Amino acid sequence: MTGMNENPLDLLPEVLLAASAVIGLLLGAWLPRSRQWLTGALAATACTAGIVAAALAAADPVETAFGDAFALDTLTATGRIVILAATLLVLALAMPRMHADPRETEFYVLLQLASAGALMMTGAQDLLLLAAGYLLASVPAYALAGFRKDGPGTEAALKYYVVGALLGVLMLAGITVLLAAGRATSYPVLRTELAEAPAGLVAAGTLALLAGLLFKAGGVPGHFWVPDAVQGSPASVAAFLTTIPKIGALVAFHRLAVVPLADADLPWADLVAVLSVASMTLGNLAAFFQQDVKRLLAYSTISQVGYLLLPVAVAAGTDLGQEALLYYLAAYALTNLGAFAVVCALPTAHTIDDYRGLARRHPALLASLVVCLLGLVGTPPTAVFFGKLEAFSAAFDGGYAWLAVVAAVNTVASLFYYLRWIAPAVLARGPDGDPGTTSRSAAVVAYGAATGSVVLGLLGGVVLDVLGGPPAG
């Protein structure tokens with residue numbers, strides 16, 4: 001590591017979020033319970049400032065910071081903006097429910113630290129920094145999953161922790177093996193060294209490393225925690241768990257594919273393609289039988305990982321992979337958070353049957369739900385439709401036409417379980433009167449996310465133009 005580029009301003013979005021977490025924790029120790037919301041406002045301010053800083057930094061030339069440990073390129077800039085914007089939406093969902101809670105400040109601090117870990121994963125260009133980002137994104141999230149301290153929350157946190165600890169240790173073992181094979185942890189150095197290292201050693205290290213990333217992404221075979229953790233967590237935490245860590249993990253996955261593993265003599269692209277098929281198929285099949293809406297969305301997010309892995313599988317074979325992945329991640333984050341915002345807006349509705357007659361009671365919420373659920377399928381003109389189209393195009397261009405065909409079949413199949421949720425809400429007559437309280441702030445987030453999904457879809461061509469560019473290193 002050299003001293004030529006050790007400028008903390010290169011990590012300004014990450015520094016803002018970490019500083020906000022620390023300052024918020026100190027403020028929370030002195031503020032009365034009725035004013036703990038100020039720490040949430042501080043977190044929102046840090047996220048907003050981070051988005052501005054990331055957008056301004058995106059115009060700078062591609063470079064690295066702190067030696068070659070952290071990349072400053074389009075992957076990092078887009079990942080930062082999407083993660084921070086998603087964190088803002090999660091804060092908007094959580095703040096009304098957490099107001100005057102005895103542990104309100106702790107919630108905001110944990111949320112910011114976990115998001116900071118995801119930010120570090122997007123720009124990490126060194127295996128040790130990737131491991132640090134993984135741990136920072138994981139440990140606070142375990143606490144968030146069990147934040148309610150009830151039976152389901154404790155079970156959610158325990159399962160999340162056990163799977164995360166196991167695959168985290170496996171990931172660290174993989175980093176150790178790759179260090180032995182490549183005699184370095186820096187991605188640019190590994191790109192040269194791994195091409196000449198023993199294939200068996202590189203394969204073992206890569207498999208173990210990918211296990212940890214697939215855990216964070218919620219894809220097969222690291223998906224076991226997703227249904228129980230999402231169902232047992234508060235809805236706002238479930239929205240966070242299924243969105244923000246996934247962005248950091250998949251951007252990190254893509255960077256591994258195009259830098260250190262690009263010249264390695266491994267069939268890693270075929271492996272990613274198999275994992276893609278397994279994730280989308282298992283997620284869709286399991287979602288067919290779900291009645292609990294959070295559990296249905298949990299399996300939906302597993303299937304979405306399968307589609308998101310399409311551009312990763314062909315990352316080294318086509319220039320379309322990066323643009324497709326980044327756009328799809330932004331589209332997925334907005335649409336998935338919109339669906340969870342509807343769940344947050346109706347806190348007493350837990351099953352599909354609880355949504356019967358929603359068209360008569362809350363027509364605007366129903367419209368948002370329909371847009372988001374059909375958006376997750378990939379229905380035009382929503383953003384996910386354009387994202388899937390780009391992902392399929394990247395798969396064809398990269399020589400994996402069969403993978404695009406399998407993904408298209410899975411997309412059609414996924415329509416049926418989303419319709420199982422939509423149909424009773426639209427067609428069935430529900431009970432007279434309102435079934436319970438409605439969160440207005442969550443409803444506003446739902447309206448905004450649904451509208452944003454459509455707008456992003458309509459502006460897809462414009463957005464894609466700014467998502468190109470070579471990765472650092």
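What you are looking at is a predicted structure, and each value in this text was computed from that prediction instead of being measured.
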_Thr382/Ser453 under side chain to side chain donor-acceptor pair (under 3.5 Å): CA gap, chis, key distance, verdict_ = CA-CA 5 Å; Thr382 59; Ser453 178; 4.7 Å; no
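- Within the model, atoms CG of Leu16 and OG1 of Thr48 stand 10.5 Å from one another, a figure rounded to the nearest 0.5 Å.
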*asked:* Using the rule given for side chain to side chain contact (heavy atoms under 4.5 Å, CB included), can you reason through Phe224 versus Lys159, listing the C-alpha separation, both sets of side-chain angles and the distance that settles it, and then say yes or no?
replied: CA-CA 8 Å; Phe224 296 103; Lys159 290 184 177 180; over 6 Å; no
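- Taken from OG1 in Thr243 to CD1 in Ile83, the straight-line distance is 11.0 Å, to the nearest 0.5 Å.
- Within the 4.5 Å cutoff, side-chain heavy atoms of Phe70 are placed close to those of Met120.
- Side-chain contact check for Leu256 versus Leu213: some heavy-atom pair is nearer than 4.5 Å.
- By the 6.0 Å and 45° rule, Lys388 does not stack over the aromatic ring of Tyr328.
- A donor-acceptor contact shorter than 3.5 Å is absent between the side chain of Gln304 and the backbone of Tyr332.
- With respect to Asp101 and Arg33, no salt bridge is recorded, no charged nitrogen being found less than 4.0 Å from a carboxylate O.
- Here the closest heavy-atom approach between residue Val272 and residue Phe253 is recorded as CG2-CZ, 3.8 Å.
- The local environment of OH in Tyr161 is sparse, with at most 12 non-hydrogen atoms from other residues, nucleotides or ligands closer than 6.0 Å.
- When only modelled atom types and interatomic distance are considered, Tyr327 and Thr78 share no side-chain donor-acceptor pair under 3.5 Å.
- In this structure, Ser279 and His223 have side chains that are not in contact, with every pair of non-hydrogen atoms separated by 4.5 Å or more.
- Phe340 and Ala235 get closest at one heavy-atom pair: CD2-O, 3.9 Å.
- Across all their heavy atoms, Ser233 and Ala238 have their closest contact at CB-N, 4.2 Å.
- Thr185 and Asp126 are linked by a side-chain donor-acceptor pair at a separation below 3.5 angstrom, with hydrogens and angles left out of the test.
- Residues Pro245 and Phe240 meet the side-chain proximity criterion, which asks for heavy atoms closer than 4.5 Å.
- Using a 4.5 Å cut-off on side-chain heavy atoms (C-beta onward), Gln290 and Trp421 make no contact.
- In terms of heavy-atom proximity, Tyr142 sits nearest to Ala157 at O-CB, 3.5 Å.
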*Run the side chain to side chain contact (heavy atoms under 4.5 Å, CB included) check on Leu366 and Arg361 step by step: do they pass?*
CA-CA 9 Å; Leu366 172 66; Arg361 292 179 279 117; over 6 Å; no
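- Heavy-atom minimum distance, Leu170 versus Ala208: O-CB, 3.2 Å.
- The ring of Tyr160 has its center closer than 6.0 angstrom to the ring center of Phe215.
- In this structure the side chain of Asp354 never reaches within 4.5 angstrom of the side chain of Thr348, judged on heavy atoms.
- In summary, the side chains of Ser414 and Asn284 do not present any donor paired with an acceptor at a separation below 3.5 Å, with no hydrogens or angles considered.
- Judged purely by distance below 3.5 Å, without hydrogens or angles, the side chains of Tyr307 and Ser276 never pair a donor atom with an acceptor atom.
- No side-chain heavy atom of Gln125 sits under 4.5 Å from any side-chain heavy atom of Pro471.
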*Give the C-alpha distance, both sets of side-chain angles, the deciding distance and a yes or no for side chain to side chain contact (heavy atoms under 4.5 Å, CB included) between Val384 and Val377.*
CA-CA 8 Å; Val384 173; Val377 175; over 6 Å; no
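- For Asp73 (side chain) and Ala472 (main-chain N/O), a donor-acceptor pair under 3.5 Å exists by modelled atom type.
- At a threshold of 4.5 Å between non-hydrogen side-chain atoms, the residues Arg148 and Pro234 count as touching.
- With hydrogens and angles disregarded, no donor-acceptor distance shorter than 3.5 Å links the side chain of Ser236 to the backbone of Val90.
- In Arg103, the CZ atom is crowded: over 12 heavy atoms of neighbouring residues, nucleotides or ligands sit closer than 6.0 Å.
- Atom CD of residue Glu323 and atom CD of residue Glu390 lie 7.0 Å apart, to the nearest 0.5 angstrom.
- Other residues, nucleotides and ligands place more than 12 heavy atoms under 6.0 Å from the CG atom of Asp60.
- Both the sub-6.0 Å distance and the 45° axial angle are not jointly satisfied by Arg255 relative to the ring of Tyr187.
- With values rounded to the nearest 0.5 angstrom, Leu210 atom CG is found 8.0 Å from Leu275 atom CG.
- With values rounded to the nearest 0.5 angstrom, Gln231 atom CD is found 9.0 Å from Tyr299 atom OH.
- Checking side-chain atoms of Gln322 against main-chain N and O of Leu467 turns up a donor-acceptor pair under 3.5 Å.
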_Run Thr242 and Val230 through side chain to side chain contact (heavy atoms under 4.5 Å, CB included) and show every step you take._
CA-CA 8 Å; Thr242 57; Val230 170; 3.5 Å; yes
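- A donor and an acceptor atom, one from each side chain of Thr351 and Gln291, are nowhere located under 3.5 Å apart.
- The pair Lys294-Asp292 does not count as a salt bridge, with every side-chain nitrogen at least 4.0 angstrom from each carboxylate oxygen.
- We find the OG1-NE2 distance between Thr122 and His254 to be 13.5 Å, quoted to the nearest 0.5 Å.
- Shortest non-hydrogen contact noted between Leu93 and Ala239 is CD1-CB, 4.4 Å.
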